[in-house]
Amino acid sequence: GSTKAIIVRNSSGTDNFSISNNGQVNIQGSTNIVPMSGGSAYITIRSNSTGYMTVQGDTSYGLLLNPNGGNVGIGTTAPAQDLTLYRSSGDANFLISSNNGASQIFFGDTESDNIGRIDYDHSDNSLNFAVNAEERMRITSAGRIGIGVTASSAPLEIAAESTNVGNTLLSIGNAILNPNTRDSWIKMYGSQATVDKTFAVGNLYGKFVVNYLGTRATNPESGGTKMFTVDGSTGNVGIGITNPDGTLRHEVEIDLPGP
């Protein structure tokens, strides 16, 4: 090997530390590097059999580098992934901070370093998600969600940029081929003063139904007043009934005067 310019030996005459003429630093065995003032914090460089480097205080590991497996552990001696953050109790937090720019996490591959991205913009306090190098969804500082738009004017706004006809913008329902009968609903909350005035529209076993619930907690399948129904299998329309037996069936109540 290279000639050693500086050598530090122990009382047995073994070289514990040396610097070669080529600038290589050599540390023998399992060695701790501690602050000049003492204390419990130190850096441990382990032997070649383990290949670990740790930054720790006493026996608690703050940072562990494992070149053999390539994994980095913070708070753990056995990182299961490329980077593992562990805390034995309480929350484990990961902070990315910027004063007035953006805090970003990039997802890359061999063709692009930012094919995917999660971006928190501190200038307007918005959070956006990019897929295939294009922004696909944004949450504004007001909590509004935009899919396909960058400035949503509603709590949820969905827009498609495609010029094709027949785009499906939103699909709601249960799993296809489920062996059990299923229904799906959208509730629209409303109120008059302090009185609940809630409607629901839904697919009731193959029938399109408009249901006045009143109270928003009402189950739209079993409760409410089903005001309008279109039977998907027959095309029949019912007003005030859920099983119309004609092309248009209107059920009304007539109060006749007594004798």
Side-chain angles (χ1 to χ4, degrees), residues 62-63 71-76 79-175 183-203 208 210-221 224:
L63 173 68
N71 295 345
V72 177
I74 300 176
T76 176
Q81 301 297 329
D82 296 337
L83 174 61
T84 301
L85 176 64
Y86 174 78
R87 185 182 294 272
S88 60
S89 62
D91 299 332
N93 300 315
F94 183 74
L95 174 64
I96 302 177
S97 181
S98 172
N99 184 36
N100 54 14
S103 298
Q104 303 177 90
I105 299 176
F106 292 92
F107 303 91
D109 53 32
T110 55
E111 297 179 354
S112 173
D113 289 334
N114 61 350
I115 194 69
R117 185 183 73 252
I118 300 175
D119 180 313
Y120 190 93
D121 191 339
H122 296 275
S123 64
D124 61 5
N125 287 316
S126 64
L127 178 66
N128 68 77
F129 300 84
V131 178
N132 198 23
E134 295 288 341
E135 182 178 324
R136 306 299 182 183
M137 184 175 76
R138 178 181 291 254
I139 304 175
T140 70
S141 59
R144 294 174 176 172
I145 301 173
I147 300 175
V149 296
T150 58
S152 175
S153 58
L156 174 61
E157 184 173 346
I158 303 173
E161 297 180 357
S162 173
T163 58
N164 296 329
V165 180
N167 292 314
T168 300
L169 297 184
L170 179 65
S171 296
I172 299 175
N174 295 281
D183 59 332
S184 56
W185 298 88
I186 299 174
K187 287 185 177 181
M188 291 170 284
Y189 297 153
S191 62
Q192 183 178 14
T194 59
V195 179
D196 231 340
K197 301 283 187 177
T198 297
F199 274 88
V201 294
N203 184 338
F208 176 78
V210 177
N211 190 353
Y212 176 67
L213 304 180
T215 304
R216 63 188 62 188
T218 301
N219 184 333
E221 187 273 339

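If you read the sequence from its start, that first residue is 1, and numbering goes on from there. These numbers come from the heavy atoms of this one structure, side chains and all, not from hydrogens, waters or symmetry mates. Remember, it's a predicted structure, so these values are computed and weren't measured experimentally.
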With sequence neighbours left out, what residues match Glu221 under salt bridge (charged side-chain N to carboxylate O under 4.0 Å, His left out)?
none
Can you tell me how far OG of Ser98 sits from NE2 of His122, rounded to the nearest 0.5 angstrom?
5.0 Å
With a 4.5 Å heavy-atom cut-off, do Val210 and Tyr212 have their side chains touching?
no
Taking the six-membered ring of Tyr189, is the NZ or CZ of Arg216 close enough (under 6.0 Å from the centre) and on axis enough (within 45°)?
yes
Would you mind reporting whether Glu135 and Asn128 have side-chain heavy atoms less than 4.5 Å apart?
yes
Interatomic distance, CG@Asp121 vs OG@Ser141, rounded to 0.5 Å, equals 10.5 Å
Is the backbone of Leu170 close enough, under 3.5 Å, to the side chain of Thr168 for a donor and an acceptor to pair up by distance?
no
Please report the closest heavy-atom contact between Ala200 and Trp185, naming both atoms and the distance.
CB-CE3, 4.0 Å
Residue pair Ile139 / Ile145: nearest heavy atoms and the distance that separates them
CG1-CG1, 4.2 Å
Flag side-chain contact, heavy atom, 4.5 Å: Val149 against Ile147
no
Is it true that a side-chain atom of Asn71 and a backbone atom of Pro79 form a donor plus acceptor pair closer than 3.5 Å?
yes
Taking Asn203 for its side chain and Ser184 for its backbone only, find out whether a donor-acceptor pair lies under 3.5 Å.
no
Donor-acceptor contact below 3.5 Å, side chain Lys187 vs main chain Val201:
no
Any side-chain heavy atom of Asp82 sitting closer than 4.5 Å to one from Val72?
no
For Glu134, is there any backbone N or O sitting under 3.5 Å from a side-chain donor or acceptor partner on Asn132?
no
Is it true that Tyr120 and Asn125 share a donor-acceptor pair across their side chains at a distance under 3.5 Å?
yes
Where Asn93 and Asp91 come nearest, the two heavy atoms and their spacing:
OD1-CB, 3.7 Å
Determine whether Leu85 and Phe94 satisfy the following criterion, side-chain contact (heavy atoms from CB on, under 4.5 Å), listing intermediate values before the conclusion.
CA-CA 8 Å; Leu85 176 64; Phe94 183 74; 4.3 Å; yes
Quick check against the 3.5 Å criterion: does Ser103 have a side-chain atom that pairs as donor or acceptor with the backbone of Ile96?
yes
Over all atoms of both residues, closest heavy-atom pair of Gln104 and Asp119:
OE1-OD2, 2.9 Å
If you take all heavy atoms of Asp196 and Gly214, which pair is closest and at what distance?
CB-O, 3.2 Å
Could you verify whether a donor N or O on one side chain and an acceptor N or O on the other, from Thr150 and Arg138, lie under 3.5 Å apart?
no
Closer than 3.5 angstrom, by distance alone: can the side chain of Asn211 be matched with the main-chain N or O of Pro220 as a donor-acceptor pair?
yes
Donor-acceptor contact below 3.5 Å, side chain Thr76 vs main chain Gly73:
no
Taking salt bridge (charged side-chain N to carboxylate O under 4.0 Å, His left out) as the definition, give me every residue that meets it alongside Arg87, ordered by chain and number, with sequence neighbours left out.
none
Show me the side-chain donor-acceptor pairs of residues 106-118 shorter than 3.5 Å, one per line, residues at least two apart or across chains.
unit_1	atom_1	unit_2	atom_2	d
Asp109	OD1	Glu111	N	2.9
Asp109	OD1	Ser112	N	2.8
Ser112	OG	Asn114	N	3.2
Ser112	OG	Asn114	OD1	3.1
Ser112	OG	Ile115	N	3.4

Between the main-chain N or O of Ala142 and the side-chain N or O of Thr140, is there a donor-acceptor pair closer than 3.5 Å?
yes
